[in-house]
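Both backbone and side-chain heavy atoms feed into the values below; hydrogens, waters and symmetry mates do not.
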Amino acid sequence: MIRVLLVDDQPLIRSGFRALLEVEDDIEVVAEAADGGEGVALARRHLPDVALIDVQMPVVDGIEATRRIATDPALASVHVVILTNYGFDEYVFRALRAGAAGFLVKDIQPEDFLHAVRVAARGDALLAPSIARKLINRYVTQPVDAAASRTLEGLTNREREAVALVAQGLSNDQIAERMVISPTTAKTHVNRAMAKLRARDRAQLVVLAYESGLVAPRSR
């Protein structure tokens, strides 16, 4: 059973998401919150698998709520997915840096929304295609971060290759096929890289891969 926490200041939005989720046999909404501070408190109480958090809320916004969850060792198993009306913007970028596992635009189709919750619960990075494209485009104009580049020095060549493939959006099975290894070995490479880089999840691996220059975005 996938346990979900909903955090959004609009009751109608929360009700809509709850209605979609609760008809699924493998998903349970364990709590709802109207601001980020309450959401963090409920995350600590219920330890959900996925926290769906609106990026812009009064009192404590989604970015700060994400940061509090991502930096709390007791909440290491909670995967934060940011909900936004606006597609890619500075708020979304900051939330990714704060530790969000992914992003969804609120006009997503219901079947895609349910799939996204299951993907997030597995611990895979999740970016709506429109956000992923704009995130990558942003890095086209960014210089390579020397500090980020140095963080990759402790990785083996195979771990670096796995991280680069994660940044291209490949799943463990696809990484295994590309590297001609078993899915279990691919997962091991990814997990070891995350541990060495102190990355909370695959989304942070994507950020590090681009910031360090391991993966070079295509120009627009």
Side-chain angles (χ1 to χ4, degrees), residues 1-24 27-110 112-121 123-128 130-132 134-135 138 198-204 206-207 211:
M1 183 67 70
I2 298 171
R3 295 161 52 81
V4 176
L5 167 66
L6 297 174
V7 186
D8 195 300
D9 62 316
Q10 299 181 53
L12 187 60
I13 294 293
R14 295 199 311 273
S15 297
F17 283 140
R18 177 183 279 274
L20 279 174
L21 294 168
E22 290 198 327
V23 298
E24 301 298 306
I27 301 175
E28 174 189 12
V29 177
V30 295
E32 294 183 22
D35 74 81
E38 182 186 5
V40 174
L42 289 173
R44 290 173 177 146
R45 182 184 308 169
H46 295 281
L47 293 179
D49 301 298
V50 178
L52 298 171
I53 301 180
D54 185 30
V55 70
Q56 290 184 310
M57 293 180 291
V59 187
V60 175
D61 65 17
I63 296 168
E64 177 59 20
T66 298
R67 187 194 64 77
R68 293 181 188 180
I69 290 173
T71 56
D72 187 339
L75 300 179
S77 64
V78 180
H79 304 290
V80 175
V81 176
I82 291 292
L83 302 169
T84 176
N85 287 318
Y86 310 104
F88 182 84
D89 56 23
E90 186 62 28
Y91 290 105
V92 169
F93 185 74
R94 288 168 54 199
L96 181 60
R97 298 295 302 275
F103 300 91
L104 292 175
V105 180
K106 289 183 180 179
D107 63 1
I108 188 172
Q109 293 297 313
D112 293 332
F113 172 69
L114 294 170
H115 173 70
V117 170
R118 295 183 175 102
V119 168
D124 289 339
L126 178 70
L127 296 174
S130 60
I131 292 177
K134 293 176 182 178
L135 175 65
R138 178 186 177 117
R198 298 182 180 179
R200 177 180 172 86
D201 50 42
R202 295 168 76 100
Q204 290 194 321
V206 173
V207 171
E211 285 185 336

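- Across all their heavy atoms, V78 and P48 have their closest contact at CG2-O, 3.3 Å.
- Under the 4.5 Å side-chain criterion, counting only non-hydrogen atoms from C-beta, V50 is not in contact with L5.
- The structure places CE of M57 at 10.5 Å from CD of E64, a figure rounded to the nearest 0.5 Å.
- Of all non-hydrogen atoms in V81 and A120, the two that sit nearest each other are CG2-CB, 3.6 Å.
- The nearest pair of heavy atoms linking D9 to P58 is OD2-CD, 3.6 Å.
- The structure places CD1 of I63 at 7.5 Å from CD1 of I82, a figure rounded to the nearest 0.5 Å.
- Across A70 and A98, no two heavy atoms sit closer than the pair CB-O, 3.3 Å.
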Would V4 and E24 count as a side chain to side chain contact (heavy atoms under 4.5 Å, CB included) here? Give the steps.
CA-CA 12 Å; V4 176; E24 301 298 306; over 6 Å; no
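- Minimum interatomic distance between A65 and V60 (heavy atoms only, all atoms of both residues): N-CG1, 4.0 Å.
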Verify side chain to side chain contact (heavy atoms under 4.5 Å, CB included) between D54 and K106, making sure each step is shown before the conclusion.
CA-CA 9 Å; D54 185 30; K106 289 183 180 179; 3.3 Å; yes
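- Side-chain contact between Q56 and D61 is absent, with no heavy-atom pair separated by less than 4.5 Å.
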Go through it in stages, so that I can follow the logic: the residues are L6 and L21, the test is side chain to side chain contact (heavy atoms under 4.5 Å, CB included), and I'd like the CA-CA distance, side-chain angles, deciding distance and then a yes or no.
CA-CA 10 Å; L6 297 174; L21 294 168; 4.0 Å; yes
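- Residues V40 and D72 are not in side-chain contact: their nearest non-hydrogen atoms beyond the backbone lie 4.5 Å or more apart.
- Taking each heavy atom of A43 and L75 in turn, the nearest pair found is O-CD2, 3.6 Å.
- Residue pairs meeting the side chain to side chain donor-acceptor pair (under 3.5 Å) criterion with at least one partner in residues 27-42, sequence neighbours excluded, are R14-E32, R18-E32.
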List the steps, then state whether side chain to side chain contact (heavy atoms under 4.5 Å, CB included) holds for L52 with V117.
CA-CA 9 Å; L52 298 171; V117 170; 4.3 Å; yes
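- A 4.5 Å side-chain heavy-atom check between R118 and I27 finds at least one atom pair inside the cut-off.
- Here L104 contributes atom CG and I53 contributes atom CD1; the two are 12.5 Å apart, rounded to the nearest 0.5 Å.
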